[in-house]
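First up is the structure itself, then whatever we jot down about it.
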Protein chains: 2
Amino acid sequence: MKDKYESIRLRNQLCFPLYAVSNMITRNYKPLLDELDLTYTQYIVMMILWEEEKVNEKLLCETLCLKSNTVTPLLKKLENKGYIKKSKDPEDERNLVITLTKTGEALKDKALEVPKGMACRINLSKEETATLYNILYKMLDEEQKEQRLIKC
Amino acid sequence: MKDKYESIRLRNQLCFPLYAVSNMITRNYKPLLDELDLTYTQYIVMMILWEEEKVNEKLLCETLCLKSNTVTPLLKKLENKGYIKKSKDPEDERNLVITLTKTGEALKDKALEVPKGMACRINLSKEETATLYNILYKMLDEEQKEQRLIKC
DNA sequence: TTGAATTATATCGCATGCGATATAATTTTG
DNA sequence: CAAAATTATATCGCATGCGATATAATTCAA
């Protein structure tokens, strides 16, 4: 390596484009999600609920790779907007069970506009998209594996 | 498409793994950057300064794809830590010129430990890394192109 | 079986990101 | 050349993310 400092050049980092693209995506979603009165993080929580009907907070945290200190206040906001309901699992009172309200359920159809609006904003080929998707999930899976190893 | 709602399933989003991996990367950097008393965003600012010697805020914002409302307070913190100095460009007093202090410059060698420490945390092949890098920069470049088009 | 460990949420403090807005310096324009 | 527009920073308010810590419910263990 010519320069001792090659490894700390911004252009040689993989982390930076990941970080910048992630910010970029969130920025691009904003105008579309404003229509639903959702932030990006609130949107991915709602996506899970539109699929699952009933989820507890722990599972939500694991699925989204977030900690409860991010998710708890976020759920409070979704509750205040009238999109979700919170209740305790009678089997184990520690578990928070989250379900959609009628309003939250109704939002599902409106949400179909979001991916439509985003489609034109990401100019990748089908193949590039698939490759990107697979590499990213590989990274997430590795991380999860690490987590499990650390627990042992 | 079988299900009308396929497009809003979390698993069918490209944005989500991007978002989750970006968070994951930042989490992984934290213990390494704590040694330098830097956050991740502060670290990428310092990387630019270690390369450039002298940068103004506008260029910094463009390079990092961030707005001044993120970068201005961040520079104040780096100044308080004694890593950078701020001055005005005499040619155009609007421009903020940022340079490293001796302490900031000295941190460069210590920073070489950071990519060393990260290497083992990303389990991608050379090829996967290159592919990921290229696709991400393609996305960033498209975005920049859009920006220019909008300006016209 | 009861005190200790574990687990699931919740709270606190700090550092981003960013839209909206304010301010100061420079450039454009009529 | 003076007012208007533009440009570069700065400030404000809100919504994350997360490490550290607190609290309540459950499980484990002596």
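Keep in mind it's a predicted model, so treat the numbers as computed, not measured. First the proteins, then the strands, lettered A, B, ... as listed; each starts at 1.
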**Message:** Using a strict threshold of under 4.0 Å (side-chain N to carboxylate O), is an ion pair present between B:E105 and B:K102?
**Reply:**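 No, this pair does not count.
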
**Prompt:** Taking NZ, NE, NH1 and NH2 as the nitrogens, is one of them in B:R9 or A:E51 under 4.0 Å from a carboxylate oxygen of the other?
**Reply:**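 Salt bridge between B:R9 and A:E51, a charged N being under 4.0 Å from a carboxylate O: yes.
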
With 3.5 Å as the limit, what N/O pairs link the protein to nucleotides 1-4 of chain D?
none

**Item:** Footprint string (nucleotides 8-18 of chain D, 5' to 3'): B base within contact, S backbone only, - free, heavy atoms under 4.0 Å
**Value:** SBBBB--SSBB

**Item:** Inter-end axis angle, the helix from C:dT1-D:dA30 to C:dG30-D:dC1, with every axis fitted to five base pairs (rounded, 10 degrees)
**Value:**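 So the angle between the two local helix axes works out to 0°.
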
**Item:** Interatomic spacing from OG1 in B:T39 to CG in B:D34 - rounded to 0.5 Å
**Value:**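 The CG atom of B:D34 is 10.0 Å from OG1 of B:T39, to the nearest 0.5 Å.
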
**Prompt:** For residues B:E57 and B:N95, is any side-chain donor paired with an opposing acceptor at under 3.5 Å?
**Reply:**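 Judged by distance alone, the side chains do not pair up.
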
**Asked** Have A:T99 and A:E53 got a donor and an acceptor in their side chains that come within less than 3.5 Å?
**Response**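 The answer is no; no qualifying pair exists.
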
**Asked** Does A:L124 reach the side chain of B:L14, with side-chain heavy atoms less than 4.5 Å apart?
**Response**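 Of all side-chain heavy-atom pairs linking B:L14 with A:L124, at least one is under 4.5 Å.
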
**Message:** How many whole angstroms separate atom CD of B:E62 from atom P of D:dT7?
**Reply:**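 Between P of D:dT7 and CD of B:E62: 12 Å.
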
**Message:** According to salt bridge (charged side-chain N to carboxylate O under 4.0 Å, His left out), who are the partners of B:K138, at least two apart in sequence or on a separate chain?
**Reply:**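 Per chain and number, B:K138 pairs via salt bridge (charged side-chain N to carboxylate O under 4.0 Å, His left out) with A:E128.
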
**Request:** Using the test ring-ring contact (aromatic ring centres under 6.0 Å, His included), find all partners of B:Y40 that sit at least two apart in sequence or belong to another chain.
**Result:**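 For B:Y40 the ring-ring contact (aromatic ring centres under 6.0 Å, His included) partners, ignoring immediate neighbours, are A:Y19, B:Y29.
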
Distance-only donor-acceptor pairs under 3.5 Å for side chains of residues 74-82 of chain A, two or more places apart:
residue	atom	partner	partner atom	Å
A:N80	ND2	A:K76	O	3.4
A:K81	NZ	A:D37	O	2.8
A:K81	NZ	A:Q42	OE1	2.9

**Request:** Assess whether atom NZ of B:K54 is packed by more than 12 heavy atoms of other residues, nucleotides or ligands within 6.0 Å.
**Result:**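 No - once you tally the heavy atoms of other residues, nucleotides and ligands closer than 6.0 Å, there are 12 at most.
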
